[in-house]
Amino acid sequence: MPPRRLCRDELPADTVALARYLIGKVLVHDLKQVRVSGRIVETEAYIIGDPSGHAFRGKTRSNRSLFLEHGRAYVYFTYGQFNMMNVTSESPGVGAGVLVRALEPIEGLAVMARRRGTSRLLDLARGPGRLTSALGIDRRRDGLDLCARGPLWLGDFGRPAGAVGRSVRIGLTREQDRPLRFFEKGNPFVSGPKRLRT
DNA sequence: AGTGCGATTGACT
DNA sequence: GTCAATCGCACTA
């Protein structure tokens, strides 16, 4: 069964609620010949006014997509080599988003393996830089409407999330404060240290 | 115009 | 566990 496209009305227009909601949903990228997709198993919320959020210092050319209506893609490039993808999460003009941190590969495994340079299933999309590489998502997809009939979209294929865990966010150099990371408990495709995966 | 660094990854001790 | 790679961009001047 192919996944059903989610419409904007179904997505919570609230960053933390959306981060929780997206666990168990599917991220789909339709390429020319094939479809690549993965089940979202880990997210992080970057809330309104978040000092760790990319919107904190206001709108710029590179982060402007973050200020779009909820349900858009914000794709940014970092460390000179990695793209990372957010789903925007608030009203137009408000800068906030949900970082997609890990996928359980579903469709297009061979394509993912080729893009990633490994056939190890666990390494295909476990991590925010890895999953964009596996699905072929880069800055050219920045700003796309994930709720329109486009090549990059969110779906539901009827396999709901198991128990959802919550923890502090990973990789922040700023102060660790609130538990804004969500993940499917026990899922081997979740990134991070073991103590943050159960 | 120069500088420092990042929501990471992969290789290596 | 540690650490370098790599470059766009925000910030300082």
Side-chain angles (χ1 to χ4, degrees), chain A residues 14-23 27 38 40-68 70 72-90 94-105 112-144 146 152 154 164-184 188-197:
Chain A
D14 172 88
T15 308
V16 177
L18 181 65
R20 166 67 185 77
Y21 174 86
L22 286 177
I23 301 297
L27 179 62
I40 298 171
V41 295
E42 182 184 355
T43 61
E44 281 178 356
Y46 286 83
I47 59 180
I48 297 172
D50 195 330
S52 297
H54 289 184
F56 186 60
R57 293 172 199 283
K59 190 189 292 188
T60 67
R61 181 166 184 78
S62 56
N63 73 4
R64 59 186 174 181
S65 299
L66 207 43
F67 294 80
L68 296 170
H70 74 292
R72 296 284 194 133
Y74 164 54
V75 182
Y76 72 96
F77 184 70
T78 191
Y79 289 107
Q81 46 201 323
F82 306 115
N83 289 287
M84 308 215 194
M85 180 182 153
N86 286 237
V87 179
T88 59
S89 53
E90 300 280 347
V94 179
V98 173
L99 172 69
V100 183
R101 280 196 60 91
L103 302 178
E104 176 178 342
M112 291 192 206
R114 190 171 72 239
R115 288 181 177 282
R116 288 276 299 112
T118 177
S119 58
R120 186 149 183 262
L121 189 61
L122 275 175
D123 288 340
L124 292 185
R126 192 190 62 218
R130 291 167 171 170
L131 74 89
T132 54
S133 171
L135 266 60
I137 297 168
D138 58 28
R139 284 282 288 167
R140 290 173 296 192
R141 297 305 191 201
D142 182 52
L144 279 192
L146 302 173
L152 186 61
L154 294 167
V164 174
R166 200 168 169 168
S167 81
V168 294
R169 294 172 292 184
I170 291 178
L172 299 189
T173 53
R174 289 173 176 273
E175 174 183 6
Q176 291 277 339
D177 46 2
R178 301 172 54 180
L180 294 175
R181 170 176 175 264
F182 295 86
F183 58 95
E184 183 172 46
F189 297 95
V190 172
S191 76
K194 186 170 290 184
R195 65 183 185 82
L196 295 184
R197 295 196 274 119

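In what follows, chains are A, B, ... by sequence order, proteins preceding strands, each numbered from 1. Atoms considered below: every heavy atom in the structure, side chains included; atoms not considered: hydrogens, waters and symmetry mates. As the structure is a prediction and not an experimental result, all values here were calculated from the model.
Residues A/R181 and A/V190 form a side-chain contact, since some pair of their non-hydrogen atoms from C-beta on lies under 4.5 Å apart. The shortest side-chain heavy-atom distance between A/L121 and A/F189 falls under the 4.5 Å cut-off. Residues A/Y76 and A/N86 are in side-chain contact: their nearest non-hydrogen atoms beyond the backbone lie under 4.5 Å apart.
Taking a pair as Watson-Crick or G-U wobble with both distances under 3.5 Å, DNA chain C forms stems of 3 or more consecutive pairs at B:1-6 with C:7-12, B:8-12 with C:1-5.
For A/A19 against A/T43, the heavy-atom pair with the smallest separation is O-OG1, 2.8 Å. The two atoms that bring A/P128 and A/L99 nearest to each other are CB-CD1, 4.3 Å, heavy atoms only. Summarising the geometry of A/R139 relative to A/N83, their closest heavy-atom pair is N-OD1, 3.7 Å, with the distance given to 0.1 Å. The two atoms that bring A/S65 and A/D142 nearest to each other are OG-OD2, 2.8 Å, heavy atoms only.
For the pair A/T88 (side chain) and A/R72 (backbone), a donor-acceptor distance under 3.5 Å is present. Within the 3.5 Å criterion, the main-chain N or O of A/A17 finds a donor-acceptor partner in the side chain of A/D14. Looking at A/E42, its side chain does come within 3.5 Å of a backbone N or O of A/S191 through a donor-acceptor pair.
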So which protein nitrogen or oxygen atoms get under 3.5 Å of nucleotides 5-9 of chain C's nitrogens or oxygens?
residue : atom : partner : partner atom : Å
C/dA5   : N3   : A/Q81   : NE2          : 3.1
C/dT6   : O2   : A/Y79   : O            : 2.4
C/dT6   : O2   : A/Q81   : NE2          : 3.4

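Under the salt bridge (Lys or Arg N to Asp or Glu O under 4.0 Å) criterion, A/R126 pairs with A/D123, sequence neighbours left out.
Side-chain atoms of A/R116 and A/S133 form no donor-acceptor pair, as typed in the model, at a separation below 3.5 Å.
Within residues 125-137 of chain A, the residues approached by DNA chain B to less than 4.0 Å at the level of any non-hydrogen atom are A/G127, A/P128, A/G129, A/R130, in residue-number order.
Residue A/R181 is classed as having no contact, given no heavy-atom separation below 4.0 Å to the nucleic acid.
A 4.0 Å heavy-atom criterion places the boundary nucleotides of DNA chain B facing chain A at B/dG6 to B/dG10, written 5' to 3'.
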For residues 48-59 of chain A, tabulate all N or O donor-acceptor pairs below 3.5 Å that involve a side-chain atom, not counting sequence neighbours.
residue : atom : partner : partner atom : Å
A/D50   : OD1  : A/S52   : N            : 2.9
A/D50   : OD2  : A/I47   : N            : 3.4
A/D50   : OD2  : A/R169  : NH1          : 2.6
A/D50   : OD2  : A/R169  : NH2          : 3.4
A/H54   : ND1  : A/Y74   : OH           : 2.8

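Contact check, A/R61 against C/dA10: no side-chain N or O comes under 4.0 Å of OP1 or OP2.
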